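Worksheet: one structure, shown below.
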Amino acid sequence: MLPPKVNSEVEVLHDKVTKQIIKEGSGNKPSRNSTCFLHYKAWAESTMHKFQDTWEEQQPLELVLGREKKELSGFAIGVASMKAGERALLHVDWQLGYGEEGNFSFPNVPPRANLIYEAELIGFEEAKEGKARSDMTVDERIEAADRRRQEGNGLFKEDKLAEAMQQYEMALAYMGDDFMFQLFGKYKDMATAVKNPCHLNMAQCLLKLNRYEEAIGQCNMVLAEDEKNIKALFRRGKARAALGQTDDAREDFQKVRKISPEDKAVIRELRLLAEHDKQVYQKQKEMFKGLFGQKPEQKPKKLDWFVVFWQWLMSMIRTIFRMRSKTD
């Protein structure tokens with residue numbers, strides 16, 4: 001996948017860093033020592049080899065401005081110019097990237113490679129409000145995530161879906177795999193009680209935005225840990241039905257009904273699927289009917305009077321012949 005083509009004005013942030021806005025953000029920009037959470041893709045400009053994609057990994061990057069690694073110094077200049085929710089294309093010269101030697105481990109970046117980044121700033125914590133995740137205790141990290149989840153819920157109720165999703169993604173950034181793998185007992189339960197609702201609420205937002213594949217992905221994250229989660233099964237079923245994956249959708253809804261037989265919503269969805277299947281069958285029937293056509297009706301044969309007369313004449317001759325034979 002290549003970087004997107006962007007027609008917006010080129011903004012010079014530094015003599016070695018430029019930016020083009022893909023999608024506008026809102027609010028303030030992060031200041032020095034702010035903890036930023038973002039998704040990004042990165043390419044080496046000379047080869048167009050994509051060497052990083054946090055969207056694909058489903059794990060946002062945490063970047064503390066002023067404390068970034070040397071190879072991300074140009075990238076950090078771009079991030080510092082962005083607002084929450086903003087998506088931008090950044091061009092960074094090699095001097096503020098991986099340098100003259102490049103990087104031959106992971107990620108693999110050629111020497112003196114100019115870099116292209118497609119980045120989206122999910123949100124950030126000002127230095128006075130928080131600290132880097134690595135410096136937080138388990139309790140602090142869960143509390144920070146839960147605060148973001150609640151803020152997201154408030155925005156969802158106001159139908160501000162994009163802003164709500166930013167808050168949920170911020171919350172999930174605190175609940176990454178590296179963190180969850182270390183937890184057990186009550187802390188595991190506490191973290192899961194924050195993490196799974198964020199995935200489920202993200203799925204609901206994505207359903208409303210008709211982003212069904214992404215909604216399925218969020219539901220799968222929950223079902224990987226809790227295969228009988230009713231909300232995850234139901235919302236995945238809704239997304240699959242919208243994509244025309246009716247067999248898979250029916251399977252999800254039937255799992256929900258097995259767990260909760262009186263659930264009116266799932267009964268309605270199963271009925272809608274049955275009606276859909278009936279409509280599809282009727283359309284197919286009409287299509288094949290038109291394809292092969294109806295069998296033509298046989299027309300009655302016309303009466304051949306010559307044949308009738310001939311048969312009558314021969315019958316009379318045979319009768320006369322028999323009568324004469326008897327007389328003789």
Side-chain angles (χ1 to χ4, degrees), residues 39 53-60 122 133 138-139 141-146 148-150 152-153 156 161 164-277:
H39 276 300
D53 188 344
T54 62
W55 278 290
E56 193 174 85
E57 297 163 5
Q58 296 188 334
Q59 183 62 56
I122 299 167
R133 290 178 296 176
V138 172
D139 284 321
R141 200 154 162 173
I142 294 173
E143 287 173 7
D146 194 44
R148 290 291 186 176
R149 180 187 66 82
Q150 293 180 39
N153 290 349
F156 179 83
L161 303 180
M165 286 198 296
Q166 287 176 13
Q167 296 302 319
Y168 295 138
E169 286 199 86
M170 285 279 286
L172 289 169
Y174 287 101
M175 302 282 108
D177 291 341
D178 57 338
F179 175 68
M180 296 297 292
F181 286 149
Q182 301 173 34
L183 302 182
F184 58 90
K186 73 170 186 177
Y187 286 113
K188 178 78 170 179
D189 294 339
M190 288 168 61
T192 301
V194 175
K195 180 175 178 285
N196 282 356
C198 287
H199 285 302
L200 292 169
N201 294 345
M202 281 279 289
Q204 187 66 10
C205 290
L206 291 164
L207 281 172
K208 287 194 169 191
L209 294 170
N210 300 331
R211 291 161 60 179
Y212 302 117
E213 292 285 2
E214 294 172 77
I216 290 171
Q218 293 295 326
C219 294
N220 286 341
M221 299 287 278
V222 177
L223 292 167
E225 298 180 3
D226 179 10
E227 62 182 10
K228 294 184 178 180
N229 188 288
I230 289 178
K231 288 184 178 179
L233 287 168
F234 182 79
R235 290 173 189 176
R236 188 173 71 174
K238 290 275 288 183
R240 284 173 162 177
L243 290 171
Q245 301 169 4
T246 53
D247 290 340
D248 290 335
R250 185 178 294 102
E251 183 180 347
D252 281 338
F253 292 141
Q254 286 173 343
K255 286 179 181 178
V256 174
R257 193 170 186 188
K258 188 175 181 180
I259 300 167
S260 180
E262 303 303 320
D263 191 314
K264 293 181 180 179
V266 79
I267 292 172
R268 181 176 64 252
E269 292 299 330
L270 284 168
R271 185 173 64 250
L272 289 173
L273 280 181
E275 291 174 358
H276 173 267
D277 288 347

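Since we're looking at a predicted model, the values are computed, not measured. Residue numbers count from 1 along this sequence.
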Taking [atom1] in [X] as the centre, count heavy atoms belonging to other residues, nucleotides or ligands within less than 6.0 Å. Is the count above 12?
X      : atom1 : value
Gln150 : CD    : yes
Glu227 : CD    : no
Lys258 : NZ    : no

Quick one: [atom1] on [X] to [atom2] on [Y], what's the gap to the nearest 0.5 Å?
X      : Y      : atom1 : atom2 : result
Leu223 : Arg236 : CG    : CZ    : 5.0 Å
Cys219 : Leu207 : SG    : CG    : 7.0 Å
Lys195 : Leu172 : NZ    : CG    : 7.0 Å
Arg250 : Leu270 : CZ    : CG    : 7.5 Å
Asn196 : Asn201 : CG    : CG    : 10.5 Å
His199 : Asn229 : NE2   : CG    : 11.5 Å

When you compare the side chain of [Y] with that of [X], does any pair of heavy atoms fall below 4.5 Å?
X      : Y      : value
Asn153 : Tyr168 : yes
Thr54  : Gln59  : no
Asp252 : Phe234 : no
Asp248 : Leu243 : no
Arg148 : Val194 : no
Met202 : Met221 : no
Arg271 : Arg268 : yes
Glu214 : Met165 : no

Over all heavy atoms of both residues, which pair between [X] and [Y] is shortest? Give the atoms and the distance, please.
X      : Y      : answer
Pro197 : Thr192 : CD-O, 3.7 Å
Glu169 : Ile122 : CB-CG2, 3.5 Å
Gly152 : Ala164 : O-CB, 3.4 Å
Ala171 : Cys198 : CB-SG, 3.6 Å

Please determine if Glu251 and Arg240 form a salt bridge, counting it only when a charged side-chain N lies under 4.0 Å from a carboxylate O. no
Closer than 4.0 angstrom, basic N to acidic O: yes or no for Arg149 and Asp146? yes
If only atom types and distance count, is the side chain of Asp226 paired as donor or acceptor with the main-chain N or O of Val222 below 3.5 Å? no
For Lys238, is there any backbone N or O sitting under 3.5 Å from a side-chain donor or acceptor partner on Tyr212? no
Distance only, no hydrogens: is a donor on one side chain within 3.5 Å (strictly under) of an acceptor on the other, for Asp189 and Tyr187? no
Do Arg141 and Phe179 form a cation-pi contact, if we require the NZ or CZ to be under 6.0 Å from the six-membered ring centre and within 45 degrees of the ring's axis? yes
Evaluate Met180 against Lys188 for side-chain contact (heavy atoms from CB on, under 4.5 Å), listing each step before the verdict. CA-CA 7 Å; Met180 296 297 292; Lys188 178 78 170 179; 4.3 Å; yes
Begin with the C-alpha distance, continue with both residues' side-chain angles, and end with the deciding distance and a verdict on side-chain contact (heavy atoms from CB on, under 4.5 Å) for Leu183 and Met190. CA-CA 10 Å; Leu183 302 182; Met190 288 168 61; over 6 Å; no
Under the criterion side-chain contact (heavy atoms from CB on, under 4.5 Å), I'd like the reasoning laid out for Ile216 against Asn220: C-alpha separation, chi angles, the key distance, then a yes or no. CA-CA 6 Å; Ile216 290 171; Asn220 286 341; 3.6 Å; yes
Please test Ser260 against Val266 for side-chain contact (heavy atoms from CB on, under 4.5 Å), starting from the C-alpha separation and ending with a verdict. CA-CA 9 Å; Ser260 180; Val266 79; over 6 Å; no
Tell me whether the rings of Trp55 and His39 are parallel (<30°), tilted (30 to 60°) or perpendicular (>60°). parallel
